[in-house]
Amino acid sequence: MTAPQLNRKLILEEPQRVPDGAGGHALTWVVKGTLWAAVEAGSGRERAGESVTVSAVVYRITVRGASQGAPSRPKPEQRLRDGARLFRITAVAEADAAGRYLTCFATEEVLS
């Protein structure tokens with residue numbers, strides 16, 4: 001495997017429920033760390049909602065490997081942030097047999 005060009009700085013975030021003061025919960029995002037990544041766009045699709053159109057693109061995002069349970073290891077339900085862009089992680093797999101890199105399968109949704 002050729003080493004990927006990890007040239008994009010992404011922020012790893014995890015959802016956290018916090019009390020909203022009215023008996024319910026609000027969802028906030030907590031920063032878990034910074035990861036350097038290679039980001040490759042895949043296929044996209046568009047669907048019409050009631051008042052907006054949602055475009056979704058699937059991405060393969062490669063980051064350095066981390067052992068199971070390490071806080072720096074991405075997992076589904078987390079997201080990666082690049083400024084205002086958000087990539088929701090749907091799955092994570094080892095990119096090579098030695099576990100030097102991980103592939104995060106993620107989706108970016110854009111309202112238009």
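The model shown is predicted, which means the values in this text are computed figures rather than measured ones.
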Closest approach of Pro74 to Leu35 (non-hydrogen atoms, all atoms of both residues): CG-CD1, 3.8 Å
Minimal non-hydrogen separation, Ala91 against Pro76, with atom names: CA-CG, 4.0 Å
Side-chain touch Ile61/Leu10, heavy atoms, less than 4.5 angstrom: yes
Closest heavy-atom pair and its distance - Lys9, Asp82: O-OD1, 4.2 Å
Separation between CZ of Arg45 and OG1 of Thr107, rounded to the nearest 0.5 Å: 7.0 Å
Aromatic Trp29 / basic Arg79 pairing, under 6.0 angstrom, 45° off normal: yes
Shortest non-hydrogen contact between Ala38 and Leu6, atoms and distance: N-CD2, 3.6 Å
Beyond-backbone contact of Val92 with Phe105, side-chain heavy atoms, under 4.5 angstrom: no
Beyond-backbone contact of Arg73 with Leu102, side-chain heavy atoms, under 4.5 angstrom: yes
Whether over 12 other heavy atoms sit under 6.0 Å from Arg81 CZ: yes
Close side-chain approach of Glu13 to Lys32, heavy-atom, < 4.5 Å: no
Residue of the set Arg88, Glu40, Glu108 for which side-chain hydrogen bond (donor to acceptor under 3.5 Å, both in side chains) holds with Tyr59: Glu108
Single-linkage hydrophobic cluster, 4.5 Å side-chain cutoff, Leu12 and Val30 together: no
Heavy-atom check, side chain of Arg64 versus side chain of Arg100, under 4.5 Å: no
Closest heavy-atom pair and its distance - Pro19, His25: N-CD2, 4.3 Å
Euclidean distance, Tyr101 OH relative to Asp96 CG, rounded to 0.5 Å: 7.5 Å
From Leu27 atom CG to Asp20 atom CG, the distance as rounded to the nearest 0.5 Å: 12.0 Å
In one Ile/Leu/Val/Met/Phe/Trp/Tyr side-chain cluster, 4.5 Å: Leu80, Val57: yes
Approximate separation, where rounding is to 0.5 Å, of Gln78 CD and Thr90 OG1: 12.5 Å
